Protein chains: 2
Amino acid sequence: MSDAETLLADAPAGHKDELRLWLRLLTCTTMIESEIRRRLRAAFDTTLPRFDLLAQLDRHPDGLTLGELSRRMMVSNGNLTGLSARLEAEGLVERNPSPTDRRATTLRLTSVGRTVFAEQSAAHEGWIADLLGGLSPGERSALFRLLARTKTSARNATETAA
Amino acid sequence: MSDAETLLADAPAGHKDELRLWLRLLTCTTMIESEIRRRLRAAFDTTLPRFDLLAQLDRHPDGLTLGELSRRMMVSNGNLTGLSARLEAEGLVERNPSPTDRRATTLRLTSVGRTVFAEQSAAHEGWIADLLGGLSPGERSALFRLLARTKTSARNATETAA
DNA sequence: GCCGAATGCTTGAAGCCTAAAACATTATCT
DNA sequence: AGATAATGTTTTAGGCTTCAAGCATTCGGC
């Protein structure tokens, strides 16, 4: 029996379950994420990637290099070139050559950037509380634990495959 | 007390919890989604939006209009113009004027599209089973239920706000 | 000290995505 | 029937995203 035949024979039985779970997970995240994007645009005329970058820098007052940001934000390197250029043009972020490595550029919040982010961050936290407010504390902690398990499962699967 | 002051006074206490939950949800979904995108590219040289559009059409053999697709896929209308044009150029999809509404265009799979999607779909199902395979059946069904609750919570929050 | 490998970043091409404006057609209300 | 509103699609401008190619610098081994 060929590999393709094996796949087709085995698949219908056990895998629909996981697929439904994945689709639901994706729908949930997409719904919340779209709403957050919409509110960020409406309230602050900004975007989620901009907000995420500011959030990282806010947590690291000494600055981060583009490479460090790229890894933390799980986006490609080239992506950050444009994103940081836009934020610099808006005056929220400043770019300086790394003192220890002449290849690297460090990014940090300007004082304007810090102020702007503080407002956005407070609103964001409220929005999330609003969107997830329909869950009881017990449900939230159960979900939190199950997602930790999910993360582990996914990480193991991607690593053994690679 | 002003609204802003109320927000700031209440926020630090109760909302960190929901924020951590949201970040974990987002991380999980992003990890799995990136891996699926990577595998779709490696195995079939295609993308997730293309795959999603084919999946919708596969479920509706009589075809769907761009507007229906837009709603089901939760993406903007204008987005589908380009996406469907690319899939048509690749010969996977055919566009026909709606017989009942001269404004509308219906999309359906070509026979090539149906064959291509069947392969991709089988592989996709296996990948998801792989990525979520670390969860027990009990964990999966508990997660499934909690995500339903999450979806309801988010939907209520977006509707009452709008 | 020198050379090749690894690392940090930028650029370019292509695709995905949105919001808003424009256009065509259909539905509704008198 | 005629005006108005609603719906279906496309276009436009701008931003986000990736991959791959290229350049600059640093690191490791010799």
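Everything numeric in this text was worked out from a predicted model, so none of it was measured. Note: hydrogens, waters and symmetry copies are ignored here, and every other heavy atom, side chains too, is used. Protein chains get the first letters and strands the later ones, always in sequence-line order, with residue 1 at the start of each.
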Heavy atoms under 4.0 Å, any strand shown: does [X] hit a base, just sugar-phosphate, or nothing?
X: A/R38; answer: nothing
X: B/S98; answer: nothing
X: B/T47; answer: sugar-phosphate
X: A/S70; answer: nothing
X: B/G78; answer: base
X: A/R41; answer: sugar-phosphate

Heavy atoms from C-beta onward define the side chain here; which of [options] lies closest to that of [X]?
X: A/T65; options: D/dT18, D/dC16, C/dC9; result: C/dC9
X: A/R86; options: D/dC16, D/dT9, C/dC9; result: D/dC16
X: A/L66; options: C/dC9, D/dG15, C/dC16; result: C/dC9

Whole Å only: how far is the [atom1] atom of [X] from the [atom2] atom of [N]?
X: B/E33; N: C/dC16; atom1: CD; atom2: P; value: 14 Å
X: B/R50; N: D/dT18; atom1: CZ; atom2: P; value: 17 Å
X: A/L83; N: C/dT10; atom1: CG; atom2: C1'; value: 15 Å
X: B/D45; N: C/dG15; atom1: CG; atom2: P; value: 11 Å
X: A/D52; N: D/dT17; atom1: CG; atom2: P; value: 9 Å
X: A/L69; N: C/dC9; atom1: CG; atom2: C1'; value: 13 Å
X: A/L40; N: D/dC16; atom1: CG; atom2: C1'; value: 15 Å
X: A/L87; N: D/dG15; atom1: CG; atom2: C1'; value: 12 Å

Q) Does a distance-only test, which skips hydrogens and angles, find a donor-acceptor pair under 3.5 Å between the side chain of B/R102 and the base of C/dT25? A) no
Q) Ignoring hydrogens and angles, are the base of C/dT7 and the side chain of A/R103 linked by a donor-acceptor pair under 3.5 Å? A) yes
(Q) Please compare B/L80 and A/G67 by the position of their nearest nucleotide in DNA chain C and report the one closer to 5'. (A) A/G67
Q | Along DNA chain C (nearest heavy atom to each residue), the more 5'-positioned of B/D101 and A/G82 | A | A/G82
Q. For C/dC16, does either OP1 or OP2 sit under 4.0 Å from a side-chain N or O belonging to B/R37?
A. no
Does any non-hydrogen side-chain atom of [Y] lie less than 4.5 Å from one of [X]?
X: B/Q120; Y: B/V116; result: yes
X: B/V93; Y: B/L109; result: yes
X: B/R24; Y: B/R20; result: no
X: B/K16; Y: A/E125; result: yes
X: A/T150; Y: B/L132; result: yes

Q: For the pair B/R140 (side chain) and A/E18 (backbone), establish whether a donor and an acceptor sit closer than 3.5 Å, ignoring hydrogens and angles.
A: no
**Q.** Which residue lies more 5' along DNA chain D, comparing A/T100 with A/N79 via nearest heavy atoms
**A.** A/N79
